[in-house]
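Along the sequence shown, residues are numbered consecutively beginning with 1.
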Amino acid sequence: MPSTAASPQAPSVNQPRHPFPAMTTYELRDYRRDLETAIAFFDRQTPVPPDRDRLHATLDDVIAEQDDRNRLAGA
């Protein structure tokens, strides 16, 4: 009898509608969380899919944008 357990689906990460500087703080936060969730999912795959590297590069850009905003806010 075939297994009925479905393999887990990769979390979807939608492209943002705006460039990072035009996104609200909340949009950046949510996008970062989506990226981190997808990267964690791909880290558990064997072999690790090449899309993980693209997602990680995008995450680095989001973190840099958040850091710039914090620096400008004096936090």
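Screening residues 12-30 for salt bridge (charged side-chain N to carboxylate O under 4.0 Å, His left out) gives Asp30-Arg33 as the qualifying pairs, with residues at least two apart or on separate chains.
Annotation: side chain of Phe20 is in contact with side chain of Thr58 (closest heavy-atom distance under 4.5 Å). Two residues are said to be in side-chain contact when any heavy atoms from C-beta on lie closer than 4.5 Å; Tyr31 and Val13 meet this criterion. At least one side-chain heavy atom of Asp67 sits under 4.5 Å from a side-chain heavy atom of Ile63. Here the side chains of Asp61 and Glu65 are not in contact, with every heavy-atom distance at 4.5 Å or above.
Proximity of a side-chain donor or acceptor of Gln45 to a complementary backbone N or O of Phe41 within less than 3.5 Å is detected. For the pair Arg44 (side chain) and Ala40 (backbone), a donor-acceptor distance under 3.5 Å is present.
Closest non-hydrogen pair, Ala38 versus Pro11, comes out as CA-CG, 3.6 Å. Of all heavy-atom pairs spanning Pro21 and Arg69, the tightest one is O-NH2, 3.3 Å.
One finds the CG atom of Asp51 at 11.0 Å from the CD1 atom of Ile39 (value rounded to the nearest 0.5 Å). To the nearest 0.5 angstrom, Leu28 atom CG is 10.0 Å from Leu35 atom CG.
Ala22 meets the side chain to side chain contact (heavy atoms under 4.5 Å, CB included) test with His18, Pro19; sequence neighbours excluded.
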